[in-house]
Protein chains: 2
Amino acid sequence: MIIGDVAERTGLPAKTIRYYEDIGLITPLRGDNGYRRFRESDVHKLAFLGRARGLGFSIEECRDLLALWEDRARASADVRAIAEEHLRQIGVKIAELSAMKETLSELVHACHGDHRPDCPILNDLAGGRGPLVCGDQATSLEGVVGFTHPA
Amino acid sequence: MIIGDVAERTGLPAKTIRYYEDIGLITPLRGDNGYRRFRESDVHKLAFLGRARGLGFSIEECRDLLALWEDRARASADVRAIAEEHLRQIGVKIAELSAMKETLSELVHACHGDHRPDCPILNDLAGGRGPLVCGDQATSLEGVVGFTHPA
DNA sequence: CTTGACCTTCCTGTGACTGGAAGGACTATG
DNA sequence: CATAGTCCTTCCAGTCACAGGAAGGTCAAG
């Protein structure tokens with residue numbers, strides 16, 4: 001089975017499959033022509049990775065999960081610990097996004113959205129003051145959540 | 001005002017401020033010693049950027065918002081359009097994360113999480129099949145031992 | 001004069017790929 | 001057999017929004 005077939009079967013782009021080999025998640029064989037030759041076990045690993053990535057697990061988490069998957073003697077607690085930590089991170093992100101949504105939603109609602117220049121959204125971003133009306137101020141960005149932006 | 005003061009006042013790291021100059025979001029002056037010299041207007045722009053980034057706007061969205069902020073004749077509708085689009089994207093992201101959370105939460109609850117190896121989480125990621133009980137083997141024995149984790 | 005804190009530029013690395021160029025391999029057709 | 005087209009290979013660069021660090025200049029205090 002060559003990479004194109006595997007891509008079709010797993011739904012993963014060929015580029016991604018090569019990348020997963022690069023970083024050591026899979027180790028397909030090679031044919032005499034230099035083409036990668038995938039066993040069924042490789043395809044299953046890739047399908048596993050596709051699902052885990054689809055649930056938002058990072059590559060490193062996937063690596064751990066894959067190792068646990070291959071370890072017949074693993075404790076399910078180890079798997080659950082990874083999943084719970086990931087679940088917690090998802091919760092944090094949802095909370096951050098919800099806070100953003102709330103604030104932004106209020107601002108959008110307050111903005112009449114017509115041809116006139118007055119805009120509560122910009123006023124808020126400017127710190128509650130009008131545009132370019134520069135006086136002294138002590139900015140308070142202390143409370144801003146350090147949000148890592150999604151892809 | 002030099003970069004350290006600005007960093008303290010805005011809460012933005014000096015690295016970030018330099019980066020914002022690099023990509024043309026701000027254009028501070030320069031002193032005789034080569035140090036950046038920030039006007040109040042620069043500080044206000046940076047505070048604006050900090051808040052906009054805190055609400056999850058991308059750099060390019062920030063660039064647009066900044067341009068609108070400086071345009072006294074802008075229509076508030078233009079600002080609202082950007083905000084609404086961003087709001088929509090946030091909603092999509094929240095929906096995706098919520099779906100992940102839901103699925104993962106079910107799996108975590110189904111997993112007893114003890115020393116035993118049986119794990120619904122891995123079973124699900126494996127596609128409903130058990131671990132490594134995948135049918136065939138390679139026609140060649142070469143590489144069967146495979147799958148060594150690189151550093 | 002030395003120390004140490006600050007500033008400068010430049011280069012590299014991050015995560016998880018994606019796009020593209022250059023070139024070899026395979027398949028089908030004339 | 002030649003050729004066209006599609007697949008495969010490797011390698012390099014780019015993405016986004018910075019962060020880390022090296023090498024070196026500047027400034028105020030002791």
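The figures here come from the full heavy-atom set of this structure, side chains too, leaving out hydrogens, waters and symmetry mates.
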What's [X] touching, base or sugar-phosphate or nothing? Going by heavy atoms closer than 4.0 Å.
X     : answer
A:I2  : sugar-phosphate
A:R53 : sugar-phosphate
B:R36 : sugar-phosphate

**Asked** Which one, C:dT8, D:dT10, C:dC17, comes nearest to the side chain of A:T16?
**Response**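 Of the candidates, C:dC17 comes closest.
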**Request:** Report the nucleotide, chosen from D:dA17, C:dG24, C:dC17, that has the shortest atom-to-atom distance to any side-chain atom of B:S58.
**Result:** D:dA17
**Request:** Assign each of B:K15 and A:Y20 to its nearest nucleotide of DNA chain C by heavy atoms, then name whichever residue's nucleotide is nearer the 5' end.
**Result:** B:K15
Between atom [atom1] in [X] and atom [atom2] in [N], what is the gap in whole Å?
X     : N      : atom1 : atom2 : answer
A:L12 : C:dT18 : CG    : C1'   : 14 Å
A:I17 : D:dC8  : CD1   : P     : 10 Å
A:D5  : C:dT27 : CG    : P     : 12 Å
B:D22 : D:dA17 : CG    : C1'   : 12 Å
A:F57 : C:dG15 : CZ    : P     : 18 Å
A:I23 : C:dT18 : CD1   : P     : 12 Å
A:E8  : D:dC7  : CD    : P     : 10 Å
B:I3  : C:dA5  : CD1   : C1'   : 15 Å

**B:R30 side-chain N/O to C:dT9 phosphate OP1/OP2 under 4.0 Å** = yes
**Asked** Would one find a side-chain N or O of A:N33 under 4.0 angstrom from OP1 or OP2 of D:dT9?
**Response**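 So the side chain of A:N33 is outside the cut-off, no N or O lying under 4.0 Å from OP1 or OP2 of D:dT9.
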**Asked** Does A:R37 use its side chain to pair, donor to acceptor, with the backbone of A:I3 at less than 3.5 Å?
**Response**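 No, the answer is negative, given that no donor and acceptor are paired below the 3.5 Å cut-off.
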**Prompt:** When you measure from the side chain of B:S76 to the backbone N and O of A:D114, does any donor-acceptor pair fall under 3.5 Å?
**Reply:** yes
**Asked** Are A:R53 and A:I59 close enough that some pair of their side-chain heavy atoms sits under 4.5 Å apart?
**Response**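 They are in contact (side-chain heavy atoms under 4.5 Å apart), so the answer is yes.
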**Asked** If you take atom types as modelled and just measure distance, does the side chain of A:Y19 reach the base of C:dG15 with a donor-acceptor pair under 3.5 Å?
**Response** no
**Request:** Taking only Lys NZ, Arg NE, NH1 and NH2, and the carboxylate oxygens of Asp or Glu, determine whether B:E85 and B:R80 approach each other closer than 4.0 Å.
**Result:** no
**Asked** Pick the nucleotide of DNA chain D nearest each of B:Y35 and B:E60; which residue has the one closer to the 5' end?
**Response** B:E60
**Request:** Applying salt bridge (Lys or Arg N to Asp or Glu O under 4.0 Å), run through B:K45 and B:E21 and close with a yes or a no.
**Result:** CA-CA 11 Å; B:K45 277 190 198 175; B:E21 181 187 8; over 6 Å; no
